[in-house]
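Values in this document were obtained by computation on a predicted structure and should not be read as measured data. The figures here come from the full heavy-atom set of this structure, side chains too, leaving out hydrogens, waters and symmetry mates. Along the sequence shown, residues are numbered consecutively beginning with 1.
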Amino acid sequence: MKKKVNKPVTSEAELTPWEKAQAKRAKQQTPKFAKQKQKKRQKRKLPLLAEVKRRRVEKTGGSLLVIFAAIAIVSLYFILPISRVAQVKVEHLATKDAQVVVKASKIKQRQTLLSVLLNKNKAEKTIVTNVPFVNRTKVTMAGSQIVIKVNQFRRVAFLEKDKHYYSLRQNGSTNLSETTNISGNVPVVVYKANANLTLLAQQLNLLPNRLLGAISEIHFTPTKSDPTKLLLYMNDGNQVIANAETLAKKLAYYPSIVAKMNYQGIIDLEVGAYSYPKNSNE
């Protein structure tokens, strides 16, 4: 049998610095030492992980609280009366005209303000489309009140019908509300059934203000040969016979014709352009 040879035991004091470092490194690589080191790291990490987890819980809880609070506030707003239309007001229009505008807008009391806001452009277009005397409109909000601002077509005359007066607009439309104030530099058009108000209004709109203001009254006097014949009473006492289709073009000669007249008379612009005294049989 072979005899065991015992290795000489070397004390730590006899080791060189390099051997000491090697021995220390070998000891650190043992499983037992690794476990001890891992436990130490875990002990150091546990407080950090707990803090991170706590912060995450607080952040998530805070976010949820904000979301629920926002939902509660929005829900409360839609329940309260301030979220709904309290009144619809039309600026600068008489009662009947204002009622037509409100009806055309389809905006109603108790309707949510949010729905009005989302459909504002649609309401404006609907008013212009369905109300003939309205040229432009703008829907605005003042708290829970809806304000409709209306721009009407130019007024070119007052239409007299059954001793009541209504504004005649440049597109031939008339306001529904009666007016009691007929002052202004526009003539009075005497209503006649089946008369072409649109054609007359368009022609009056082409006149400069000085000529439009020179006319006092306009009467429809149709004949078989001329269904658009007109008789105009002027503010200077003269009368003008004209055709609705050529009124604006022919009336432009009126000032020069009157300048050559030394009498009050009748100026015929229906075919040509000439004048004669009122008491003439012509």
Exercise. Calculate, to the nearest 0.5 Å, the distance between atoms CD1 and CG belonging to I241 and L230 respectively.
Key: 10.5 Å
Practice problem: Give the minimum heavy-atom separation between D97 and L176, together with the two atoms involved. | Solution: OD1-N, 2.8 Å
Exercise. Supply the atom-to-atom distance D236 CG to Q239 CD, rounded to the nearest 0.5 angstrom.
Key: 10.5 Å
Quiz item: Are any of the side-chain heavy atoms of R210 and P255 separated by less than 4.5 Å?
Solution: yes
Practice problem: Look at the side chain of Q203 and the backbone N and O of L200, then say whether any donor-acceptor pair between them is shorter than 3.5 Å. | Solution: no
Quiz item: Nearest 0.5 Å, what's the CD-CG distance between Q202 and N196?
Solution: 8.0 Å
Quiz item: Under 4.5 Å between side-chain heavy atoms, hopping through other hydrophobics if needed: is there a path connecting I146 to V131?
Solution: yes
Quiz item: Hey, does L118 have a side-chain heavy atom less than 4.5 Å from the side chain of L114?
Solution: yes
Exercise. Might you point out which heavy atoms bring P187 and I218 nearest each other, and give the distance in Å?
Key: CG-CD1, 4.0 Å
Practice problem: Might you point out which heavy atoms bring P227 and P222 nearest each other, and give the distance in Å? | Solution: O-CB, 3.3 Å
Quiz item: Do L251 and Y253 sit in the same hydrophobic cluster, where Ile, Leu, Val, Met, Phe, Trp and Tyr count as joined when their side-chain heavy atoms come under 4.5 Å apart?
Solution: yes
Quiz item: Honestly curious: do L232 and L159 fall in one hydrophobic cluster under the side-chain, below-4.5 Å linking rule?
Solution: yes
Quiz item: Under the side-chain hydrogen bond (donor to acceptor under 3.5 Å, both in side chains) criterion, do N175 and S177 qualify, and how do the steps go?
Solution: CA-CA 6 Å; N175 289 76; S177 298; over 6 Å; no
Self-check item: Nearest heavy-atom neighbours spanning L199 and A244
Solution: CD2-CB, 3.9 Å
Quiz item: Can you check whether S167 reaches F158 side chain to side chain, under 4.5 Å on heavy atoms?
Solution: yes
Self-check item: Shortest non-hydrogen contact between N235 and S216, atoms and distance
Solution: OD1-CB, 3.2 Å
Quiz item: Honestly curious: do V85 and M141 fall in one hydrophobic cluster under the side-chain, below-4.5 Å linking rule?
Solution: yes
Quiz item: With side chains defined as the heavy atoms from C-beta onward, is the minimum distance between R169 and T174 less than 4.5 Å?
Solution: no
Quiz item: Between the side chains of N209 and N185, is a donor N or O closer than 3.5 angstrom to an acceptor N or O?
Solution: no
Quiz item: Is the number of heavy atoms from other residues, nucleotides or ligands within 6.0 Å of NZ (K120) greater than 12?
Solution: yes
Self-check item: E160 CD to E217 CD distance, which is reported to the nearest 0.5 Å
Solution: 7.0 Å
Quiz item: What about I215 and V258, same hydrophobic cluster or not, with Ile/Leu/Val/Met/Phe/Trp/Tyr joined at side-chain heavy-atom distances under 4.5 Å?
Solution: yes
Quiz item: Between Q145 and V88, is any pair of side-chain heavy atoms under 4.5 Å apart?
Solution: no
Quiz item: Do you know the tightest heavy-atom contact between V190 and F220?
Solution: O-CD1, 3.6 Å
